[in-house]
Amino acid sequence: MLVNAPRGTKDVLPDTSGFWQYVESRAREICKIYGYHEIRTPIFEHTELFLRGIGETTDIVQKEMYTFEDRGGRSIPLRPENTAAVVRAFLEHKLYAQPQPSKLFYIGPMFRYDRPQAGRLRQFHQFGVEAISSPGPTVDAEIILLAVQFLQSLGLGDLKLYLNSVGCPQCRPHYRSKLQAFYQDKLPQLCHDCRSRFDRNPMRILDCKENACAELSQDVPEIVDCLCEECAAHFNQLQNLLKAAGTEFHLNPRLVRGLDYYTKTAFEIQYSPLGAQSAVCGGGRYDGLIEECGGQPTPGIGFAIGLERVLLALEKQALLPPITPSLDLYAAPLDENAVAVAFRLVSELRRSKISCDMDVMGRSLKAQLKYASQYPARFVAIIGDDEVRQNKVMLKNMKTGDQHLIDIADVRAKLLTEMEE
RNA sequence: GUGGCUAUGGUGAAGCGGUCAACACGGCGGAUUGUGGCUCCGUUAUUCGAGGGUUCGAAUCCCUCUAGUCACCCCA
């Protein structure tokens with residue numbers, strides 16, 4: 001117990017942290033290219049924010065939040081996603097008073113209490129992007145391209161972009177009642193889950209994997225045919241923009257997002273070899289969210305990318321960059337007097353930003369050389385009695401095996417010229 | 001939250017009721033006195049995810065729990 005991380009959490013060890021840094025730096029690069037700026041919000045927020053923002057009836061809020069009471073009696077959840085928090089910060093700091101749109105991104109941990117699986121953890125990490133204030137659809141296309149370009153820049157292939165429009169408060173109710181009319185007489189034949197979806201969120205029935213439900217849904221009316229004029233025009237224009245940019249996409253009328261705040265554009269990027277957790281990126285427009293959170297009516301759109309899933313996909317496609325630690329100099333002292341000399345040398349070199357290390361295990365020279373070659377270190381400075389007496393160091397090139405006795409004072413210059421090559 | 005499968009050292013794994021828990025890799029140490037990457041030698045699990053039970057005897061059988069994994073649910 002004491003030596004096990006809590007269920008659904010993972011330690012990132014030194015042999016993999018380099019992969020994370022790689023992916024995160026790619027995310028930052030892309031955001032810079034697209035003009036998005038980083039925002040960092042707290043890992044916990046007030047419960048009300050997510051109740052309002054995500055929706056009280058959603059699974060995320062109903063059964064997946066890590067909520068605790070703090071010592072002041074406040075109900076505090078660890079954030080299950082970050083869009084609501086970004087909107088909160090947008091309002092709290094009156095970012096709307098600055099030149100709009102607000103183009104923001106974040107990278108960080110999210111928390112959902114769920115049964116862990118590969119690609120689904122209780123603490124997981126998202127890279128998310130939000131563009132607030134523009135009604136689109138140009139910014140919709142921009143955001144989607146950003147996501148696609150990010151994933152492509154990592155070399156990922158076999159990605160599929162799915163696109164849909166979920167309408168707006170004008171047209172969605174019509175579609176909803178149309179759906180309910182469609183399913184009304186089929187109700188007894190639907191599965192248990194779908195019967196409860198009928199009232200709560202009939203659009204979810206379309207998504208059901210039960211054979212019976214899928215068959216019943218064969219001739220279901222599609223939302224694209226029920227969009228109001230504005231939503232239809234928006235959706236059309238978005239498709240035109242994506243085509244103009246040469247981005248391949250697939251319309252998926254059954255694509256429904258799980259969070260209440262989505263309107264109009266909904267999209268998802270899938271990498272199917274990941275199995276059940278194949279959604280690498282999910283996003284959409286949330287034109288009602290900011291008002292819902294107490295601001296002026298303001299449109300917004302964003303997405304989140306699951307970094308664990310991206311890493312899994314990269315691993316599957318053998319696209320993880322090699323991580324090669326290296327060291328310019330390893331100091332190998334042979335006795336206590338030499339340790340002091342070596343320590344001084346190493347300290348000085350480190351101040352000059354030369355990467356170096358020395359023995360702290362009291363090992364034999366043989367063992368020290370072995371260690372240095374595994375590191376791998378480019379040079380080893382062997383320091384024994386003779387060297388200490390003469391203020392010199394036996395500098396050994398680990399690649400060639402050559403070694404020369406040189407003045408300690410010259411080590412730095414020697415290393416610098418060697419590193420030039 | 002529901003169902004299936006799994007659980008032996010740092011890693012990959014043998015063992016399937018009865019002497020010291022194979023083997024490989026890795027780690028550490030060594031092969032004459034201050035020299036690595038090859039080779040050779042030694043060493044590295046009083047213990048088999050945890051806790052109960054059955055038995056003269058259990059890593060091996062049973063139960064509970066924990067964790068991983070796959071699928072559902074949902075989502076990134």
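Chain letters run A, B, ... following the sequence lines, proteins first, then strands; residues in each count from 1.
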Sugar-phosphate only, base, or nothing, as touched by E64(A) at under 4.0 Å among non-hydrogen atoms: sugar-phosphate
hbond_proxy R115(A) side chain to G68(B) base (donor-acceptor, 3.5 Å cutoff): no
Mutual orientation of the aromatic rings belonging to Y162(A) and H250(A) [parallel < 30°, tilted 30-60°, perpendicular > 60°]: tilted
Length of the CD-P vector between Q374(A) and G36(B), whole Å: 13 Å
Any-strand Watson-Crick or G-U partner of G37(B), both distances under 3.5 Å: none
Base of A76(B) and ring of F124(A) stacked, centres under 5.5 Å, planes under 30°: yes
Within the 6.0 Å centroid threshold, strictly below: F127(A) and F150(A): yes
OP1 or OP2 of C28(B) under 4.0 Å from side-chain N/O of R363(A): yes
Touch class at under 4.0 angstrom, heavy-atom based, for Q270(A) against every strand present: nothing
Watson-Crick or G-U counterpart of U43(B), or none if no pair lies under 3.5 Å: G27(B)
Option passing side-chain contact (heavy atoms from CB on, under 4.5 Å) with Y271(A) (candidates K160(A), Q317(A), R309(A), Q277(A)): Q317(A)
No-H, no-angle donor-acceptor pair, Q403(A) side chain to G36(B) base, under 3.5 Å: no
Distance below 4.0 Å between K366(A) side-chain N/O and G36(B) OP1 or OP2: yes
Sugar-phosphate only, base, or nothing, as touched by G283(A) at under 4.0 Å among non-hydrogen atoms: nothing
Assigned partner base of G57(B), Watson-Crick or wobble definition, under 3.5 Å: none
Donor-acceptor pair (no angle test) under 3.5 Å: K396(A) side chain, U35(B) base: yes
Chi angles and distances behind the ring-ring contact (aromatic ring centres under 6.0 Å, His included) call for Y34(A), F105(A): CA-CA 11 Å; Y34(A) 278 75; F105(A) 80 91; over 10 Å; no
Residues D114(A), R7(A): salt bridge by 4.0 Å N-O rule: no
For atom OH of Y113(A) and atom P of C75(B), their distance in whole Å: 19 Å
For C5(B), the Watson-Crick or wobble counterpart (both distances under 3.5 Å): G68(B)
Touch class at under 4.0 angstrom, heavy-atom based, for M398(A) against every strand present: base
